[in-house]
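Here the structure comes first, spelled out in structure tokens, and everything after it is commentary.
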Amino acid sequence: MKNYLVTGGCGFIGTNFVRRVMMTQPGWRIINLDALTYAGNYGNICDIDGNGRHEFVKGSILDEALLKRIFQENELSGVIHFAAESHVDRSIWGPAAFVETNINGTFRLLQMSLEFWKSNAVAPDFRFLNVSTDEVYGSLGPTGYFTEATRYDPSSPYSASKAASDHFVRAYHRTFGLPTLITNCSNNYGPYQFPEKLIPLMILNIINEQPLPVYGDGRNVRDWLFVEDHCDALIAVIEKGAVGETYNVGGNEEKTNIAIVNLLCDTLDSRLGRGSGNSCRLIKFVADRPGHDLRYAIDAMKILQELGWSPKFSFAEGISRTIDWYLENTDWVSSVVSGEYQRWMNINYSVRK
Ligand code: NAD
Ligand code: TYD
């Protein structure tokens, strides 16, 4: 059995990842370390916790004593690092938490990994995978793609903090030889995504007939990837990726924000038996995000050619599954849209009139 420390495994992508591993990797055991911030939810994984292959530990990646205990008690084959503050708008309102978790937290994990790796107290195949974002590359114009060679040029405190974490990870490989890997992935969507992000926010607001706040003119473009495809890419990178390398991961599904909102309106109108065009009247163009990147698009040839990964889900298939999930999981939705969520909605949207 291989032991992996997964950080942030109760957030959106981490939850999908540990659930996917339980299904597809019978030889893996996961220690899931999550601080359960507003974005983490123990209920996401409680059904698999304690099954012999999944152990939940509540705590922070900033807690050195706790990290040490985890490394001492488990001969780790790897660290798969998801834990982060992940929302661009929150990073504009409060960047300090992003510096703390994304930069200092990653640094603590790297230091602990290095200490145990140097003293041969980890498994011989040990790897540290930093789960990162394409936002480190900044904004594209109307043409072109991010490759692994694109210069880092982050725009938001969120992307700057992720860029810093990538730089530390690469530096620990080049300077100390720690076996690291980095993935830079485009926008994910799917089950368990906290409804502060575009797609689940719009789905819930359409269901509840609330305004649909589109930033600026709605023409910003993102490359969307169904979360299950991202999880499979991460498993491929851990198993087959070349140490020290970076892999871009993307869905090859570029969409403008307004196209997505229109599609969600039409699909939900039909699923909910509402008249055609009913929900589109809720669309409201609101004040733009400062420093809003125009376009992200990924060239994912390297991971295809070297590791044989490409997305299985089209956007049409993935979005249909995502809508079904939010319609079916009303208890999950009720549990996350509590006090903190309402507070955030007021902070972020009251000034965007
Ligand atoms: P998320 O906000 O849904 O989840 C983050 C998780 O980290 C939560 O469970 C939270 O409780 C946990 N966490 C926060 N601070 C912690 C700390 N100090 N110690 C331990 N746990 C802590 O984020 P997500 O969307 O699942 O993203 C996961 C990772 O993937 C992030 O590193 C993000 O930068 C990266 N990423 C996300 C996307 C995307 O589209 N969502 C795309 C590319 C890369
Ligand atoms: P988001 O889901 O926050 O992801 P990211 O900023 O990391 O790409 O936003 C996706 C896009 O949707 C981005 O261009 C901002 C836009 N957006 C809105 O127009 N309205 C909203 O309420 C939100 C949350 C995002």
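One-based numbering, in listed order, for ligands and for the atoms of each. Just so we're clear, the structure is a prediction, and the values are computed from it rather than from any experiment.
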When rounded to the nearest 0.5 Å, the distance separating CG of L129 from CG of L181 is 6.0 Å
I need the R29 CZ to R53 CZ distance, nearest 0.5 Å. 11.0 Å
Under the side chain to side chain donor-acceptor pair (under 3.5 Å) test against N184, which residue among T133, D166, D134 passes? D166
T246, T180, T175 screened by side chain to side chain donor-acceptor pair (under 3.5 Å) with R170, the one that passes: T246
Kindly say whether [Y] contributes a backbone atom to a donor-acceptor pair with the side chain of [X] at under 3.5 angstrom?
X	Y	answer
N188	S186	yes
T267	L264	no
N51	H54	yes
S320	A316	no
H173	L178	yes

Proximal atoms of ligand 1 relative to [X] (non-hydrogen, under 4.0 Å):
X	value
C10	9 (O)
G40	8 (C), 9 (O), 11 (O)
N187	40 (O)
K162	31 (C), 32 (O), 33 (C), 34 (O)
V131	30 (O), 32 (O), 35 (C)
S186	42 (C), 43 (C)

Write out the residue and atom name of the closest protein heavy atom to [atom], then the distance separating them to 0.1 Å.
atom	answer
atom 8 (C) of ligand 1	D34 OD2, 3.6 Å
atom 1 (P) of ligand 1	S86 OG, 3.5 Å
atom 18 (N) of ligand 1	S60 OG, 3.1 Å
atom 22 (C) of ligand 1	A83 CB, 3.7 Å
atom 10 (C) of ligand 1	T37 OG1, 3.3 Å
atom 44 (C) of ligand 1	S132 O, 3.1 Å
atom 26 (O) of ligand 1	I13 N, 2.7 Å
atom 25 (O) of ligand 1	F12 CD2, 3.6 Å

Which other residues end up in the same hydrophobic cluster as V88, if Ile, Leu, Val, Met, Phe, Trp and Tyr are linked when side-chain heavy atoms come under 4.5 Å apart? I92, F98, Y158
[X] N/O to ligand 1 N/O under 3.5 Å:
X	result
G11	yes
A35	yes
I61	yes

Work out whether the distance between some heavy atom of [X] and some atom of ligand 1 is less than 4.0 Å.
X	result
L36	yes
F82	yes
G105	no
Y158	yes
G9	no

Answer with side chain, backbone, both or neither: which part of [X] has a heavy atom less than 4.0 angstrom from an atom of ligand 1?
X	answer
D134	neither
T101	side chain
F98	neither

Short N or O contacts of ligand 2 with protein, under 3.5 Å, listed by atom name?
residue, atom, partner, partner atom, Å
ligand 2, 2 (O), L198, N, 2.9
ligand 2, 3 (O), R289, NH2, 3.1
ligand 2, 4 (O), N187, ND2, 3.4
ligand 2, 6 (O), R289, NH1, 2.5
ligand 2, 6 (O), R289, NH2, 3.2
ligand 2, 7 (O), E135, OE2, 2.5
ligand 2, 8 (O), N187, ND2, 2.8
ligand 2, 8 (O), R222, NE, 2.8
ligand 2, 12 (O), N257, ND2, 3.4
ligand 2, 14 (O), R222, NH2, 3.2
ligand 2, 14 (O), N257, ND2, 2.9
ligand 2, 14 (O), H292, NE2, 2.7
ligand 2, 19 (O), Y215, N, 2.9
ligand 2, 20 (N), P213, O, 2.8
ligand 2, 22 (O), P213, O, 3.4
ligand 2, 22 (O), Y349, OH, 2.6

Applying a strict under-4.5 Å side-chain criterion to I, L, V, M, F, W and Y, I'd like to know whether I203 and W224 cluster together. yes
Heavy-atom pair with the smallest gap, counting every atom of N205 and P211: ND2-O, 3.0 Å
Please determine whether side chain to side chain contact (heavy atoms under 4.5 Å, CB included) holds for the pair Y192 and V227, giving the CA-CA distance in whole Å, both sets of side-chain angles, and the decisive distance to 0.1 Å. CA-CA 10 Å; Y192 299 101; V227 64; over 6 Å; no
Test the [X]-[Y] pair against the cation-pi criterion, namely NZ or CZ under 6.0 angstrom from the six-membered ring centroid and within 45° of the ring axis.
X	Y	answer
R289	Y215	no
R222	Y189	no
R90	Y38	yes

Check for me whether the distance between the ring centres of F194 and Y341 falls short of 6.0 Å. yes
If you measure from atom 40 (O) of ligand 1 to every heavy atom of N188, T15, T133, L198, which option wins on shortest distance? N188
Would you indicate which of G59, A84, C185 comes nearest to atom 7 (O) of ligand 1 when only heavy atoms are counted? A84
With the threshold set at 4.0 Å, does a side-chain nitrogen-carboxylate oxygen contact exist between D266 and R274? no
Can you establish whether the number of heavy atoms outside Y152 located under 6.0 Å from its atom OH is more than 12? yes
